[in-house]
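Every heavy atom of this structure was used, including side-chain atoms; hydrogens, water molecules and symmetry mates were not. Sequence lines set the chain letters: A, B, ... in the order given, protein chains first and strands last, and positions in each chain run from 1.
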Amino acid sequence: MAERASDLVVSSTAPEHASGPVIQLSAARKLYRSGTIEFEALRGVDLAITEGEYVAIMGPSGSGKSTLMNVLGCLDTLTSGSYRLAGDDVDDLDEAELAAIRNERIGFVFQQFNLLPSLPAWRNVELPLIYGRVPAAERRERAQRALDRVGLADRYDNRPGELSGGQQQRVAVARALVGEPTLILADEPTGNLDSVSTEDVLGLFDELHELGRTIVLITHESEVAERARRVVRVRDGLLLPGHAEMAEEVRA
Amino acid sequence: MNWTETLHTSWAAVRSHSLRSLLTVLGILIGIAAVILTVGLGLGTQKDVSSQISSLGSNLLIVSPGSSTDSSGLRGGFGTGATLTTADAEALGSSVNAPDIAGVAAEKSTSLSLEAGDANWTTTVTGTTPSWLDVRSRELLAGEFIDDDDQVSAASVVVLGSETATELFGTTNVVGRSVTVDGRSFEVIGVLASAGSDSSSNLDDVAIVPLSTAASQLVGGAGGDTVSTIYLKAASDDQLSAAYQEAQSVLLNLHGISNSDSADFTISSQDALVDTATSIYRTLTVLLTGIAALSLLVGGIGVMNIMLVSVTERTREIGLRKALGAPPWAIRRQFLVEAAILGLSGGLLGAVLGIGAAFALPGVIGSSIVVSPAAVGLSIAVAIGIGLVFGVYPATRAARLAPIDALRSE
């Protein structure tokens, strides 16, 4: 396990993105229009996250944190302002280019796990590699390596229905890791898990952070946010000033 | 995402709802089966007609007498008159007057009862000349045909069709035995090989006697020289219309008629037979084509419907795939391939059904169906095409789904 982990560390520090912040959001605004009603979900957000950071984005529902997450994940584009991901401007990219960016640079972990129920674990994990045009043999090997990494070495061929919630989320983490992305973006990753599984998954994030991964975690639970090194609070489409840096000793 | 992956994923999606997929492709299945049967029936009809033509004798022209008018003015229709004679047949056989006619066989037919021992059988007794065998393209199963000597001496000899022989004697091995026709004893000198049946008569149920014998001993009535039909054989296919013209002018001349519209005879060719047979099957073809077109349309709509259901059901999956990096074209292709697989499945199952029916149906409807590999291949391609065409809209809808909305759907 230790050797595999170090493999991941080495390959995750992509030299071309080594300088500058991984995420650079400037004066980000997002306006939703529904008929005549306008709603400004982001009202001028500046955010920089550097490589290797473990950041929690907190906020009540309706605060704009989901919009922020979608923008960071290149699932949605800004109305105005700019977003640079690993040094590249992603504001004017079309849907196919955004898909390629997501594929290469972002590993998603969702609240609902979003595993395909008909596919065995390793097939779920290899999905990002399929769209990244990685050859089949290499896909399988890398998928299994990622499952080893999250402690599911004996669950390659199990379908999601045969796994516990915590195990399913670990499969999803493996899927987020397998493409060796610049950023791991987790949206309420523990929202559907019991306390044991929550601890399980958060422990995994801690390990990944130790290994140098950049992790952004969206949550509304402060116990979860406390695990991160830095907490960004969102309210009414704005970041709260002076967001607290979490003390090292808070971590269990 | 490469083709192998796309195929794998799409096939898995189709298979995960196998009953639903089967019901979806039912329309295409029926349509394709109908297409294969329609084409098969058309080809089968052609085959039937051409085999009928060859059973009648190729390059054949048939001269029938004109209508008769009795004393009360009642007209009897074509073939009832007594306007053709053995003299006409001789004139048509002249290589000077009719160089394109290779053979002439006059027939004088009547229906009579034949007896052999305790058995009796009523059949068409035909008096004709030795050339009949060649003109009608018939062959002997046993014995020999009537010859010129029989003709000259009006011999009491008969050549039986294979079925006639079987009905009278229970066997076709009857050369040398005798039958009683109209109270006179005839010696069986030959048996004809089987030729099947044409549209109007059974070619194997006949009794052939010399024309002179028929005229003098059997078929009384309207004069000894009259004949009921004259068969003409053109020298080749190409000379058929020349032979037709020659026969027409020879007979008009001989009968002293100047205007061909008032001819007291008709000459028909096999074309008429082809036309009849074709028109009979055309109705069936139109019906089957209609079924095919409607089924394919309904089948296509079915595919579209189920693909829309599939897109709705799998909105989350689409959202996930997009989030993980699937570009719109990959999603579109995945659903198009799924629709094409549905079309292909319908096409293949329809082909199986159609080919099966092509083997089973001829026994029921009595006409042959020829399975054309080209038609099968083409109709399967059409089935795939229908899947693709009706899959475009659902696939485009899937490709256009916004990933965030798709991920959020329940």
Side-chain angles (χ1 to χ4, degrees), chain A residues 30 32 41 66-77 93-120 123-136 139-140 159-160 172 175-176 178-179 181 185 187-188, chain B residues 1-21 306 309-338 341-342 395-410:
Chain A
K30 179 69 186 180
Y32 288 113
S66 292
T67 306
L68 187 56
M69 140 94 190
N70 290 337
V71 168
L72 293 181
C74 296
L75 292 166
D76 208 348
T77 50
L93 300 182
D94 68 19
E95 225 196 306
E97 290 166 326
L98 284 176
I101 291 275
R102 290 196 293 270
N103 184 251
E104 288 164 22
R105 303 197 179 165
I106 300 166
F108 288 96
V109 181
F110 303 98
Q111 180 176 2
Q112 310 285 345
F113 319 144
N114 279 327
L115 299 174
L116 299 185
S118 59
L119 301 182
R123 287 256 179 219
N124 267 291
V125 173
E126 73 160 357
L127 276 176
L129 302 181
I130 288 176
Y131 293 109
R133 297 170 177 277
V134 175
R139 287 204 303 264
R140 187 180 185 123
R159 283 166 215 282
R175 184 181 63 195
V178 75
L185 201 54
D187 183 14
E188 303 275 10
Chain B
M1 193 169 206
N2 64 21
W3 283 104
T4 325
E5 277 305 322
T6 309
L7 280 173
H8 185 272
T9 308
S10 303
W11 174 239
V14 170
R15 247 194 16 194
S16 68
H17 295 100
S18 38
L19 179 63
R20 188 170 88 183
S21 301
I306 222 66
V309 169
S310 179
V311 168
T312 308
E313 273 181 351
R314 286 152 65 196
T315 300
R316 277 178 78 88
E317 176 187 335
I318 295 163
L320 172 74
R321 287 181 182 276
K322 288 191 147 195
L324 297 184
W329 61 262
I331 300 291
R332 183 180 295 113
R333 190 168 78 179
Q334 185 186 328
F335 281 90
L336 275 179
V337 168
E338 192 175 323
I341 287 176
L342 284 176
T396 305
R397 245 172 80 152
R400 282 196 188 144
L401 280 174
I404 40 173
D405 298 336
L407 275 171
R408 225 179 279 140
S409 87
E410 285 306 322

> Would you give the length of the straight line joining atom OH of A:Tyr131 to atom CD1 of B:Ile331, rounded to the nearest 0.5 angstrom?
4.5 Å

> Could you tell me the separation between the CD1 atom of B:Ile404 and the OG1 atom of A:Thr67, rounded to the nearest 0.5 Å?
7.5 Å

> Among A:Glu104, A:Glu97, A:Arg175, which residue has the highest count of heavy-atom pairs closer than 4.5 Å to chain B?
A:Arg175

> With rounding to the nearest 0.5 Å, note down the distance linking OG1 in B:Thr9 to CZ in A:Arg123.
8.5 Å

> Without swapping roles, check the side chain of A:Arg102 against the backbone of B:Lys322 for a donor-acceptor pair under 3.5 Å.
yes

> Measuring from atom NE2 of B:His8 to atom CG of A:Leu119, what distance do you get when rounded to the nearest 0.5 angstrom?
8.0 Å

> More than 12 foreign heavy atoms under 6.0 Å from CZ of B:Arg20: is that the case here?
yes

> I'd like to check the ring pair (Phe, Tyr, Trp, His ring centres under 6.0 Å) partners of A:Phe108; sequence neighbours left out, ordered by chain and number.
A:Phe110

> State the OG-CD distance between A:Ser118 and B:Glu317, to the nearest 0.5 angstrom.
6.5 Å

> Hey, could you give me the CD/CZ distance between A:Glu95 and B:Arg400, rounded to the nearest 0.5 Å?
10.0 Å

> Check B:Leu320 against A:Asn114 and note the closest heavy-atom contact, atom names and distance.
CD2-O, 3.0 Å

> Starting from the C-alpha separation in whole Å, work towards a yes-or-no answer on side chain to side chain contact (heavy atoms under 4.5 Å, CB included) for B:Arg321 and A:Leu116.
CA-CA 10 Å; B:Arg321 287 181 182 276; A:Leu116 299 185; 3.4 Å; yes

> Identify, with sequence neighbours excluded, every residue that meets side-chain contact (heavy atoms from CB on, under 4.5 Å) alongside B:Arg332.
B:Trp329, B:Leu336, B:Ala395, B:Thr396, B:Ala399

> Taking all non-hydrogen atoms of both residues, which atom of B:Leu324 and which atom of A:Asn103 are closest, and how far apart?
O-ND2, 2.8 Å

> Heavy atoms only, distances under 4.5 angstrom: which of B:Gly325, B:Pro328, B:Pro327 has the most pairs with chain A? Name it, please.
B:Gly325

